[in-house]
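Lettering follows sequence order; numbering is per chain, from 1. Model, not experiment: these values are computed from the prediction.
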Protein chains: 2
Amino acid sequence: MSNKPATIKEIAKILNLSASSVSRALHDHSSIGLTTRMRVKQLAKELNYVPNQKAIFFQKGKTFTLGVIVPELSESFFSEAVSGIEDYALKKNYSVLIAQSHDDLEKEITLAEKFKSHRVDGLLVSLAKTTFNIDHFKQFEDLNIPIVFFDRIPPVKDIHYVACNMENGTYDAVNFLLKKKHRSIGMINGPETLNASAQRRDGYIQAMVKNRLKFDPSLIINCDLTEQSTREAMDKLLNNKRKPTAIVTFNDYVALYAIKYARFLGIKINDEIDFVSYANLPIIHYMDYYPIASVEQNPYQQGYRASEILLDLLTKKKSENEEKEAYYHITIDPELILH
Amino acid sequence: MSNKPATIKEIAKILNLSASSVSRALHDHSSIGLTTRMRVKQLAKELNYVPNQKAIFFQKGKTFTLGVIVPELSESFFSEAVSGIEDYALKKNYSVLIAQSHDDLEKEITLAEKFKSHRVDGLLVSLAKTTFNIDHFKQFEDLNIPIVFFDRIPPVKDIHYVACNMENGTYDAVNFLLKKKHRSIGMINGPETLNASAQRRDGYIQAMVKNRLKFDPSLIINCDLTEQSTREAMDKLLNNKRKPTAIVTFNDYVALYAIKYARFLGIKINDEIDFVSYANLPIIHYMDYYPIASVEQNPYQQGYRASEILLDLLTKKKSENEEKEAYYHITIDPELILH
DNA sequence: AGTGAGAACGCAAACGTTTGCTTGATTTTT
DNA sequence: AAAAATCAAGCAAACGTTTGCGTTCTCACT
């Protein structure tokens, strides 16, 4: 027991063949006779032969492994995205190496280093909140290791990415509220520095414009996503001359803070004020009060798509030479889910 | 650009050394003179040399990779456990290959196969709900690939495992309620078939016994963890002759269902009836009403510990020979968190 | 009988690194 | 001054698999 696993060489020796013939036999190469092919496969089963991936990795110069860096697995958005990545990768016989940056740039750099030395074939990355430059990913270019960013993407053009079009999502959300006859719609947006905030703002404005309504900037309040900050935003909105009858929040957390505070103030949720949010928390339905609609960002699909692109890049790489200037810029349209 | 990465051989050629000397120089081997050592390292930096892990894996016969199979990453319990695994593994310079069974036995078997052919050095497994035998993991024994099970462990003795002692956790919970002067404590337990249910039941009984109180079996109701089933359990408890003033639920989901239903019935939560649960949902604090206490199962620690054990097994494997009969059976004591 | 084709298989190199054994040169010990 | 120890570095094999290029053999066809 605890035998070293059987190798091709051993099979070859037993059958009086060369290692190459055994290898070819196992791969159904045409130049191997049917009888020997059968004999080889037969013995392989008996010996419980399993190809040694380490050797194959080495020989082929590939690890058939994808590296994934996400901020936090415990955020369901990312764990679902990882599921999408995993499903496609496994389908294509790739394995997935997962690591978390915990939203820390230093950690992210360390992980990049780790993956570099591990020689993953490709990388899927969703940036940490604190990452404002991506120099630590530049080195992968030289190593010919493609990277596909998803969701939290850097604001540059010379990269491959998959992301959700927040502008459209917000447009749909605001449009939905307008159709419900709301005429004063508030928005608790994220930090101004975030690209995601700008997109939401744009979507809001676009919805107003398309409906030939005047855009009132005082109805969009930025907040830093904390409970305290959310309350302050709510105060501002509630004291607005045109007190909103509906509020779009940056994410579910903010929505919950806002709803909690509104209830504290005696406001009737989704009656006096309708809430619409972005889907972060799948368990939101366990709540007593939750937004009447959510912008679903389809993390699974984002992951799946990013995975597809990466594998596409990997298989195409051989033929690439001059046309390296084509970057994948995929935007996934979110959908508005009514609860 | 897009140069193939530098190799030891190239460094050797440039410096007129042998590959072996370069290798030793990079590893600070004592038999290499200081000057050459410096020259080698210097050039290595310049050429951006990174050791080719594929070759090292192959040469050493190890992949420095751990395989992890969990049911669902989107369950925060598992994503936190994975964080623990990852943190320790990375510290020891191992990578972590993660895959989800989605609580499906077939998928679990496929993944086991995948990891086998990938030749991970070791395996960390939390079983799918539908897994009732572990034959598909037996093969790893022959390959000398150790497995450590955690949390969802199989009910056999000849394995390594890390799990939480639910009996103690429940004991603490019930004891806590008894100290709060509750004299009729209900329990909405899980399916009878689950080991986890039996442990909770035992803990409940033990707490009663230790406090010299009579155990009333009618106060423990089994349910299948659905909302409907939870309501039925609540009905039974509320109609009990000794209507409970406190209820321990199998998990947070059940607690939320129960609380929702109780509120629907007009019962004052954590006033008329105190709820205590097991920590599954980190975001429970966003709720308006949540259990007054939770049994925290420390998923991070479980993962970390399991990771430690696996690496211990991996490094000790060389010296192991006769004493292969020692199995790690680690139980982690949960702690009662008061909210 | 000679040529050609194709089938069935072997040889050997290659992938990059590590490591036990050797060798040659220099230094220390007796 | 000779023998022994130490230092610095090279040689070559090994890990398991794949693959380009041969080689041998058998037939069939002119």
Is a donor-acceptor pair below 3.5 Å formed from side chain B/Thr7 to base C/dC15, judging by atom type as modelled? no
Cut-off 3.5 Å, side chains only: do B/Ser74 and A/Glu80 have a donor facing an acceptor? no
Between the side chains of B/Asp151 and B/Tyr161, does any donor sit under 3.5 Å from an acceptor? no
I'd like to know whether the aromatic ring centres of B/Phe57 and A/His118 sit less than 6.0 Å apart in this structure. yes
Testing the 3.5 Å rule here: is there a donor-acceptor pair between the side chains of A/Ser76 and A/Ser79? no
Expressed as a whole number of angstroms, how long is the span from B/Asp28:CG to D/dA9:P? 14 Å
Would you kindly give the NZ-to-P distance between A/Lys13 and C/dC11, to the nearest whole Å? 13 Å
Integer-rounded Å distance: D/dG16 C1' and B/His118 NE2: 16 Å
Output the single nucleotide from D/dT17, C/dC21, C/dG10 whose closest atom is nearest the side chain of B/Arg24. C/dC21
What is the distance, rounded to the nearest whole Å, between atom CG of A/Leu15 and atom P of C/dC9? 10 Å
Ring centres under 6.0 Å, that's the criterion: do B/Phe149 and B/Phe137 meet it? yes
Rounded to whole angstrom units, what separation is found between the NE2 atom of B/His27 and the P atom of D/dA8? 19 Å
B/Leu17 CG to D/dC7 P, in whole Å, measures 19 Å
For residues A/Lys41 and A/Tyr49, is any side-chain donor paired with an opposing acceptor at under 3.5 Å? no
Salt bridge (charged side-chain N to carboxylate O under 4.0 Å, His left out) evaluation trace for B/Arg305 with B/Glu308: CA-CA 5 Å; B/Arg305 201 77 183 78; B/Glu308 278 183 340; 3.0 Å; yes
Any donor-acceptor pair under 3.5 Å linking the side chain of B/His160 with the backbone of B/Tyr327? no
From CZ of B/Phe64 across to C1' of D/dC15 the rounded distance in Å is 14 Å
Closest to the A/Lys9 side chain: C/dG16, D/dG16, C/dG10? D/dG16
How many whole angstroms separate atom CD1 of A/Ile8 from atom P of C/dC11? 16 Å
Tell me which residues in residues 47-61 of chain B lie within less than 4.0 Å of DNA chain D, going by non-hydrogen atoms. B/Phe58, B/Gln59
Any side-chain N or O of A/Ser23 less than 4.0 Å from the OP1 or OP2 oxygen of D/dT18? yes
Output yes when at least one side-chain N/O atom of B/Ser21 is less than 4.0 Å from OP1 or OP2 of D/dA9, else no. no
When you measure from the centre of the six-membered ring of A/Phe64, is the NZ or CZ of A/Lys62 closer than 6.0 Å and no more than 45° off the axis? yes
Please list, in numerical order, the residues of residues 29-40 of chain B that have a heavy atom closer than 4.0 Å to any atom of DNA chain C. none
